[in-house]
Amino acid sequence: RLLLQQLAEQAKYLRGKLPGLTELGLLYHDMGRVEALVEDILLASLDACILEGEKTLPRDGAALASLAERKRGDWAAHAERLARLVLEILKHWHALQKRFKGRIDLAQAVALNDIKAQLGNLVYPGFVRETPAQWLKEYPRYLKAIEQRLDKVGAQLQRDRVWSGELAGYWEQYQARLKKHQQEGKRDPNLTLYRWMLEEYRVSLFAQQLGTRLPVSDKLLAKQWALVEP
């Protein structure tokens with residue numbers, strides 16, 4: 001936020017000129033005000049563009065001003081790229097929300113509840129900044145995997161139900177450990193990786209042809225979980 005103040009003029013320009021601003025506002029409407037989304041995008045792009053890769057963070061005004069000056073040239077293009085990615089994500093998200101409207105086949109209730117929970121953990125107010133940049137880039141693929149799952153769910157109900165149960169167990173385990181770590185003030189990169197491996201595992205189950213960013217299986221998930229701090 002201090003960098004945002006330091007780059008106030010550029011920030012003011014970006015707030016009014018981010019690509020797809022009107023459409024972003026319409027797609028984000030159910031979650032909140034577009035101004036909040038824009039701040040989220042600006043803060044996330046400052047994290048990734050200006051703070052990422054810095055060995056030490058600025059500790060006084062002069063160091064902050066120097067850092068802002070050194071990297072200000074890259075910031076606008078980075079923020080615009082991020083806004084385009086968020087627009088693509090929200091378009092997919094909105095199309096998926098439409099598929100939940102109307103009559104629901106009760107046989108598909110387990111799958112639909114699992115998908116709604118998954119979407120709620122991916123897209124929510126503040127998700128742009130809270131999601132690590134390297135995983136936010138993967139969102140369009142995650143959302144396409146959900147589309148493909150919905151297309152096939154009627155033909156593989158039993159398998160989908162089994163996988164939903166398995167995934168619910170993994171997520172519960174993750175949530176319990178995350179809560180414990182937050183209470184203890186821990187930040188464990190192994191737990192973060194586990195969380196995104198779960199997302200990749202979903203792709204491998206429901207939309208294998210889309211490919212995964214890293215090798216993933218139930219055995220590899222168990223191996224990664226063993227590395228997580230207790």
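Everything numeric here is computed off the predicted structure, so don't read it as measured data.
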Item to check | pair Leu136-Leu82: side-chain heavy atoms closer than 4.5 Å | outcome: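 Sidechains of Leu82 and Leu136: in contact.
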Item to check | Non-hydrogen side-chain atoms of Glu172 and Gln175 separated by less than 4.5 Å | outcome: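 Result no, sub-4.5 Å side-chain heavy-atom pair not found.
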With sequence neighbours excluded, tell me which residues meet side-chain hydrogen bond (donor to acceptor under 3.5 Å, both in side chains) with [X].
| X | result |
| --- | --- |
| Trp75 | Ser45 |
| Gln208 | none |
| Asp47 | Arg129 |

Next on the checklist: Among residues at least two apart in sequence or on other chains, which ones pass side-chain contact (heavy atoms from CB on, under 4.5 Å) with Leu57?
Outcome noted: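 side-chain contact (heavy atoms from CB on, under 4.5 Å) check on Leu57 returns Leu51.
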Which atom pairs, one a donor and one an acceptor, fall under 3.5 Å between side chains of residues 220-230 and the rest of the protein, sequence neighbours left out?
{"from": "Gln224", "atom 1": "NE2", "to": "Asn190", "atom 2": "O", "distance (Å)": "2.9"}
{"from": "Gln224", "atom 1": "NE2", "to": "Asn190", "atom 2": "OD1", "distance (Å)": "3.3"}

Next on the checklist: Tell me every residue that passes ring pair (Phe, Tyr, Trp, His ring centres under 6.0 Å) with Trp93, counting only those two or more places apart in sequence or in another chain.
Outcome noted: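 Trp93 satisfies ring pair (Phe, Tyr, Trp, His ring centres under 6.0 Å) with no residue once adjacent residues are dropped.
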Checklist entry - Considering residues at least two apart in sequence or located in another chain, which fulfil the ring pair (Phe, Tyr, Trp, His ring centres under 6.0 Å) criterion with Tyr142? => result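 Partners of Tyr142 by the ring pair (Phe, Tyr, Trp, His ring centres under 6.0 Å) criterion come out as none, since no residue qualifies.
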Which pairs with one or both residues in [range] pass salt bridge (charged side-chain N to carboxylate O under 4.0 Å, His left out), sequence neighbours excluded?
| range | result |
| --- | --- |
| residues 76-87 | none |
| residues 52-63 | Glu54-Arg70, Glu54-Lys71 |
| residues 203-219 | Glu138-Arg213 |

With a cut-off of 3.5 Å and sequence neighbours excluded, list every side-chain donor-acceptor pair involving residues 15-32.
{"from": "Arg15", "atom 1": "NE", "to": "Glu39", "atom 2": "OE2", "distance (Å)": "2.6"}
{"from": "Arg15", "atom 1": "NH2", "to": "Glu39", "atom 2": "OE1", "distance (Å)": "3.3"}
{"from": "Arg15", "atom 1": "NH2", "to": "Glu39", "atom 2": "OE2", "distance (Å)": "3.3"}

Item to check | Pair Glu166-Tyr170, side-chain donor/acceptor within less than 3.5 Å | outcome: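 Yes - a donor-acceptor pair under 3.5 Å links their side chains.
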Listing, residues 146-157 side-chain donor-acceptor contacts under 3.5 Å, not counting sequence neighbours, or none:
{"from": "Glu147", "atom 1": "OE2", "to": "His92", "atom 2": "ND1", "distance (Å)": "3.1"}
{"from": "Gln148", "atom 1": "OE1", "to": "Gln209", "atom 2": "NE2", "distance (Å)": "2.4"}
{"from": "Arg149", "atom 1": "NE", "to": "Asp160", "atom 2": "OD2", "distance (Å)": "3.0"}
{"from": "Arg149", "atom 1": "NH1", "to": "Asp114", "atom 2": "OD2", "distance (Å)": "2.7"}
{"from": "Arg149", "atom 1": "NH2", "to": "Asp114", "atom 2": "OD2", "distance (Å)": "3.1"}
{"from": "Arg149", "atom 1": "NH2", "to": "Asp160", "atom 2": "OD1", "distance (Å)": "2.8"}
{"from": "Arg149", "atom 1": "NH2", "to": "Ser164", "atom 2": "OG", "distance (Å)": "2.9"}
{"from": "Asp151", "atom 1": "OD1", "to": "Arg99", "atom 2": "NH1", "distance (Å)": "3.2"}
{"from": "Asp151", "atom 1": "OD1", "to": "Arg99", "atom 2": "NH2", "distance (Å)": "2.8"}
{"from": "Lys152", "atom 1": "NZ", "to": "Phe206", "atom 2": "O", "distance (Å)": "2.9"}
{"from": "Gln156", "atom 1": "OE1", "to": "Arg159", "atom 2": "NH2", "distance (Å)": "2.9"}

Checklist entry - Do Glu184 and Lys179 meet the salt-bridge criterion of a basic N to acidic O distance under 4.0 Å? => result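 Salt bridge: no.
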Checklist entry - Parallel under 30°, tilted from 30 to 60°, perpendicular over 60°: which one fits the rings of Tyr124 and Phe127? => result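 If you compare the ring of Tyr124 with that of Phe127, the planes turn out perpendicular.
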Checklist entry - How many angstroms lie between OG1 in Thr131 and NZ in Lys137, if you round to the nearest 0.5 Å? => result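 Thr131 OG1 to Lys137 NZ: 13.0 Å, rounded to 0.5 Å.
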Item to check | Inter-residue atom distance His78.NE2 - Ile41.CD1, 0.5 Å rounding | outcome: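 Between His78 NE2 and Ile41 CD1, I get 12.0 Å after rounding to 0.5 Å.
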Item to check | Residues, nucleotides or ligands: over 12 heavy atoms within 6.0 Å of Glu9 CD | outcome: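 Check fails, neighbour count at 12 or below.
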